[in-house]
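Data first, discussion second: the structure below is written as structure tokens.
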Amino acid sequence: MLNKIIEIVKEAGKIILSAHNQESTITAKEGKKNFVTKFDVAVQDFLFTELGKAFPEAEFVGEEGETNLASAALRFIIDPIDGTTNFMQDYRCSCISVALCEGNDIIAGVVYNPYSGEIFSAEKGKGAYLNGNKITVSDRPLSDGLALFGTSPYHPENTDETFALLRKVFDFSRDIRRSGSAAYDICMVACGRCEIFFEKALQPWDVAAGALILQEAGGLALNYEGKEINFSTPNDVVFANPKAYEEFATLL
Ligand code: IPD
Ligand code: CA
Ligand code: CA
């Protein structure tokens, strides 16, 4: 199952790598700073079609629209390009994020950064992998670690709170980083390069695949209340190794 998803996601990555004149294909979406390019739609169409052939019983939820939801047992949650602003400007840090859910459980997740060639993947109960090699979260506390964050760019009502918290995290940690792709950030925590990622108001397609990958790598995927993430609504999220989470919770 996982290998089939990986194969299709890699194929979809070719659409991202061959894109040009991205900025000329933008349309604005609802909210602030929110855009979509014709490539976001093309990648999603490709994934819906090809995954649909491989998993005919599944339904699809994607950032750029969904199929008729009939409450099928299997559901894909997809962000065709996570990091659209990076993509528009050819910043070359964007990912395809694909999660497969059975009921409320995420049973498989794939995050692919076509620019770096990194494929993060996990199947529930079977560990997390980067290009086929097992990964785990780091053992570093936040005080000796790197913190990743997102700015909730489409929700300006969150900006003051985000930057107030960020200031505390910056003071507490070695340093902070902002990549522009939430799915990639979660995987950076999963493979132990960074200790924590947090952002308010992320959508299920930003985090679903990464959440399974991180949990299978030994990390915690929680909301700001310390509860499980609900993958059918927006959430304020924290993804961390257990030590870093403990310290972060005191800063919230
Ligand atoms: C966005 C990216 C970004 C995060 C935003 C997301 P998109 O996804 O993950 O890093 O800060 O909150 O919405 O719109 O590029 O798919
Ligand atoms: Ca996204
Ligand atoms: Ca997207």
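Hydrogens, waters and symmetry mates play no part in the numbers below; they use all other heavy atoms, side chains included. Atoms within each ligand, like the ligands themselves, are counted from 1 in listed order.
- For an aromatic pair to be called close, the ring centres must be under 6.0 Å apart, and F76 with F55 satisfies this.
- Atom numbering of ligand 1 starts at 1 in the shown order; those under 4.0 Å from a heavy atom of D79 are 16 (O).
- The residue from F239, Y245, Y224, F248 that alone fulfils the ring pair (Phe, Tyr, Trp, His ring centres under 6.0 Å) condition with F198 is F248.
- To the nearest 10 degrees, the Ca ion (ligand 2) sees OD1 of D206 and OD1 of D82 at an angle of 100°.
- At least one heavy atom of I81 sits less than 4.0 Å from an atom of ligand 1.
- Residue contacts with ligand 1, taken as heavy atom pairs separated by less than 4.0 Å, do not involve D185 at all.
- With hydrogens left out, the protein atom closest to atom 14 (O) of ligand 1 is Y154 OH, 2.6 Å, a heavy atom.
- For atom 9 (O) of ligand 1, the nearest protein heavy atom (residue, atom name, distance) is D82 OD1, 2.7 Å.
- Ion pairing between D175 and R177 holds under the 4.0 Å rule for side-chain N and carboxylate O.
- With values rounded to the nearest 0.5 angstrom, I106 atom CD1 is found 10.0 Å from L100 atom CG.
- Using a cutoff of 4.0 Å between basic side-chain nitrogens and carboxylate oxygens, K243 and E246 are not scored as salt-bridged.
- For ligand 1 and T84, the ligand atoms under 4.0 Å from any heavy atom of the residue are 15 (O).
- Counting backbone and side-chain atoms alike, E63 contributes an N/O/S atom closer than 3.0 Å to the Ca ion (ligand 3).
- Every N/O-N/O distance between A183 and ligand 1 stays at or above 3.5 Å.
- Between E161 and K168, none of the side-chain N atoms (NZ, or NE/NH1/NH2) sits under 4.0 Å from a carboxylate O, so this pair counts as no salt bridge.
- Against a heavy-atom cut-off of under 4.0 Å, S181 is close to the following atoms of ligand 1: 9 (O), 10 (O).
- The atom of D79 nearest to the Ca ion (ligand 2) is OD2, with the search restricted to N, O or S atoms.
- Using modelled atom types, one finds a donor on one side chain and an acceptor on the other under 3.5 Å when comparing S181 with D82.
- For the Ca ion (ligand 3), the set of nearby N, O or S atoms under 3.0 Å includes one belonging to I81.
- Residue-ligand proximity, G83 to ligand 1, at heavy-atom distances under 4.0 Å covers atoms 7 (P), 15 (O), 16 (O).
- Atoms of ligand 1 lying under 4.0 Å from any heavy atom of G180, numbered from 1 in the order shown and given with element: 2 (C), 3 (C), 10 (O).
- With distances taken over non-hydrogen atoms, the option nearest atom 16 (O) of ligand 1 out of E199, E63, R178 is E63.
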